[in-house]
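Just so you know, ligand 1 is whichever comes first in the structure, and atom 1 is the first atom listed for that ligand. On a predicted model such as this, the values are computed, not experimentally measured, just so you know.
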Amino acid sequence: MDIHEYQAKELLSNFGIAVPPGALAYSPEQAAYRARELGGDTWVVKAQVHAGGRGKVGGVKVCKSDQEIQDACENMFGRKLVTHQTGPEGKGIYRVYVESGVQIDREIYLGFVLDRTSQRVMIVASGEGGMEIEDISENEPDSIVRAIVEPAVGLQEFQAREIAFALGLDPALNAQMVRTLQGCYRAFTELDATMVEINPLVVTGDSRILALDAKMTFDDNALFRHPQISELRDKSQEDPRESRAADRGLSYVGLEGNIGCIVNGAGLAMATMDTIKLAGGEPANFLDIGGGATPERVAKAFRLVMSDNNVQAVLVNIFAGINRCDWVAEGVVSALKEVQVDVPVIVRLAGTNVDEGQKILAKSGLPIIRANTLMEAAERAVGAWQQDLTQDTRMRAVK
Ligand code: ADP
Ligand code: MG
């Protein structure tokens with residue numbers, strides 16, 4: 001789960017990370033009022049969306065007056081901000097954060113991620129802050145400093161100082177840098193985050209280290225331990241298809257293609273998407289319905305896949321190991337009687353009781369296109385929408 005910048009800043013400040021004073025606003029007038037409360041003569045109005053790269057596309061504006069703040073807000077509220085991280089449809093702006101303007105001497109990149117190779121938390125830092133980490137690793141790979149934290153002892157002071165030294169920071173800033181790094185590490189582990197990114201972490205004109213931006217992602221599987229973080233969820237920032245899936249306990253990722261996928265097992269779902277691409281098509285989604293694949297789950301899955309208007313064919317790919325193909329086939333048949341599916345449906349079953357499963361599909365009287373192998377299923381799915389099938393091979397609501 002992702003959260004907003006202002007929320008991440010509040011959480012991090014509880015762990016000793018220094019941030020500029022700021023306040024949240026839901027309207028242009030409120031933003032101007034908040035700025036007056038903050039005082040000073042320079043403010044930064046920042047669109048709160050779950051994506052970085054806002055600065056480049058007008059989502060971060062430096063303002064010097066009431067009027068400038070209101071104008072900046074008028075251009076943000078209700079709009080969709082499209083950055084390189086949002087996808088082409090963008091993310092809606094419903095809140096802005098008004099922050100005191102800071103005089104920046106130096107920008108640093110700081111990230112905490114899970115390194116799967118070492119199975120440890122890895123700190124990634126660079127003196128080339130402000131740029132996205134992808135650009136830094138492409139343009140300035142030598143500027144990147146990495147450190148792996150030993151979980152038994154946590155982030156040690158000497159390690160934090162080594163990072164400060166490698167970034168070429170003034171030694172007078174060491175204590176602040178150690179506090180920042182250790183605070184982030186503690187926030188990362190204690191709150192079950194999977195990512196903490198401060199870009200930029202800045203050195204100000206008056207020699208303070210401040211987090212000017214903050215991003216945190218949390219492990220969904222650990223959210224039950226942190227009710228105060230679960231409450232920060234903002235559905236307006238999520239793909240509505242994915243929110244619906246999460247609410248139903250299905251593992252779904254929406255994609256741009258038009259072949260809907262219903263698969264049991266994440267690995268098989270990945271292989272199915274690959275095979276669709278190999279056959280010349282584009283998957284509309286990743287969907288793992290899990291091991292059970294009961295009729296109820298299959299029906300939920302069909303409803304979810306069909307709620308995406310781009311879907312022009314549905315490929316069901318089930319491997320029954322512990323499960324049984326005849327049960328799955330019954331599930332597919334009852335789901336198709338219950339859910340309106342007006343696009344071709346291709347079913348490939350393999351594993352336990354596959355023959356019984358095929359018979360149930362054949363006897364159902366439904367125009368299900370059957371396939372024996374994954375490649376065949378993918379080719380049929382791609383063929384089904386490419387050939388613009390005639391009415392009688394399309395599924396009709398049988399409700
Ligand atoms: P994003 O990463 O989404 O573009 P940031 O919060 O990193 O958004 O802001 C973009 C840039 O705007 C920063 O790199 C920094 O140079 C500037 N900036 C952000 N907040 C402030 C602030 N409070 N004072 C001065 N400059 C800021
Ligand atoms: Mg940033």
Side-chain angles (χ1 to χ4, degrees), residues 2-13 17-25 31-32 34-65 68-69 72-73 75-76 79-87 90-113 124-137 139-140 143-144 167 180 184 195-217 234 237:
D2 293 328
I3 60 172
H4 288 294
E5 171 199 0
Y6 76 93
Q7 295 166 331
K9 282 179 167 165
E10 190 176 330
L11 289 174
L12 290 173
S13 64
I17 285 94
V19 297
L24 191 68
R34 292 283 177 239
R36 278 197 295 277
E37 277 181 340
L38 286 170
D41 55 13
T42 310
W43 303 272
V44 184
V45 176
K46 311 180 82 176
Q48 296 300 291
V49 293
H50 284 183
R54 298 163 300 168
K56 290 197 189 86
V57 293
V60 176
K61 284 267 182 235
V62 179
C63 300
K64 296 267 185 197
S65 67
E68 284 183 18
I69 290 172
C73 288
N75 285 325
M76 291 184 192
R79 297 264 168 90
K80 292 230 167 190
L81 194 70
V82 180
T83 83
H84 65 280
Q85 290 184 0
T86 58
K91 298 214 178 211
I93 306 172
Y94 306 104
R95 315 171 192 192
V96 303
Y97 192 52
V98 184
E99 197 171 65
S100 297
V102 169
Q103 202 225 316
I104 304 170
D105 255 14
R106 236 196 113 173
E107 297 195 322
I108 292 163
Y109 174 90
L110 181 60
F112 288 67
V113 290
V124 182
S126 163
E128 304 292 328
M131 268 195 272
E132 299 304 327
I133 188 66
E134 295 82 3
D135 299 329
I136 301 174
S137 63
N139 304 326
E140 302 284 343
S143 76
I144 298 178
L167 293 172
T180 304
C184 286
M195 200 262 305
V196 172
E197 187 186 64
I198 301 183
N199 187 25
L201 179 73
V202 300
V203 180
T204 64
D206 55 357
S207 296
R208 285 179 303 146
I209 291 187
L210 290 183
L212 281 208
D213 191 6
K215 226 177 180 184
M216 290 183 86
T217 305
D234 180 356
Q237 300 295 306

Original post:
Under a heavy-atom criterion of less than 4.0 Å, does Glu107 contact ligand 1?
Top reply: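 Contact check Glu107 vs ligand 1: positive.
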Original post:
Strictly under 4.0 Å, does any heavy atom of Gly22 approach an atom of ligand 1?
Top reply: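 Gly22: no contact with ligand 1 (<4.0 Å).
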Within-4.5 Å side-chain heavy-atom neighbours: [X] and [Y]:
X: Arg95; Y: Asp234; answer: yes
X: Thr204; Y: Gln103; answer: no
X: Met131; Y: Asn139; answer: yes
X: Leu12; Y: Met216; answer: yes

**OP:** Return the option from Asp213, Ile104, Val45 holding the heavy atom at the smallest distance from atom 26 (N) of ligand 1.
**Re:**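 Residue with the shortest heavy-atom distance to the ligand atom: Ile104.
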Below 3.5 Å, N or O to N or O, backbone or side chain included: is there any such pair between [X] and ligand 1?
X: Val60; result: no
X: Arg54; result: yes
X: Glu132; result: no
X: Glu5; result: no

If you compare all heavy atoms of [X] against all heavy atoms of [Y], which two are closest, and at what distance to 0.1 Å?
X: Gly52; Y: Thr83; value: O-OG1, 2.8 Å
X: Ile69; Y: Trp43; value: CD1-CE3, 3.8 Å
X: Val96; Y: Cys73; value: CG2-SG, 4.1 Å

Under 4.0 Å to a heavy atom of [X] - the qualifying atoms of ligand 1, by number:
X: Asn199; result: 7 (O)
X: Gly101; result: 24 (N)
X: Val44; result: 21 (C), 22 (C), 23 (N), 24 (N), 25 (C)
X: Gly52; result: 3 (O)
X: Pro200; result: 7 (O), 13 (C), 14 (O)

Original post:
Does a side-chain N-to-carboxylate-O contact under 4.0 Å join Lys215 and Asp2?
Top reply: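 Judged by the 4.0 Å cut-off on N to carboxylate O distance, Lys215 and Asp2 do not form a salt bridge.
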Protein heavy-atom partner closest to [atom] - residue, atom, separation in Å:
atom: atom 4 (O) of ligand 1; value: Gly55 N, 2.7 Å
atom: atom 20 (N) of ligand 1; value: Lys46 NZ, 3.2 Å
atom: atom 24 (N) of ligand 1; value: Val102 N, 2.9 Å
atom: atom 21 (C) of ligand 1; value: Leu212 CD1, 3.4 Å
atom: atom 23 (N) of ligand 1; value: Glu99 OE1, 2.8 Å

**OP:** Mark yes or no for whether Lys91, through its side chain, and Gln237, through its backbone, hold a donor-acceptor pair below 3.5 Å.
**Re:**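 Yes.
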Original post:
If only atom types and distance count, is the side chain of Arg34 paired as donor or acceptor with the main-chain N or O of Leu24 below 3.5 Å?
Top reply: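 Looks like yes, one N/O pair under 3.5 Å.
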Original post:
So, is Asp213 placed with an N/O/S atom under 2.8 Å from the Mg ion (ligand 2), counting both backbone and side chain?
Top reply: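 Under 2.8 Å: Asp213 contacts the Mg ion (ligand 2) through an N, O or S atom.
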**OP:** Test salt bridge (charged side-chain N to carboxylate O under 4.0 Å, His left out) on Glu99 and Lys9 and set out the steps.
**Re:** CA-CA 11 Å; Glu99 197 171 65; Lys9 282 179 167 165; 2.6 Å; yes
Original post:
From atom 17 (C) of ligand 1, is the closest protein heavy-atom distance below 4.0 Å?
Top reply: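 False for atom 17 (C) of ligand 1.
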**OP:** From the options His4, Glu10, Glu5, select the one residue that forms a side chain to side chain contact (heavy atoms under 4.5 Å, CB included) with Gln7.
**Re:**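 For Gln7, the side chain to side chain contact (heavy atoms under 4.5 Å, CB included) test succeeds with only one of His4, Glu10, Glu5, which is His4.
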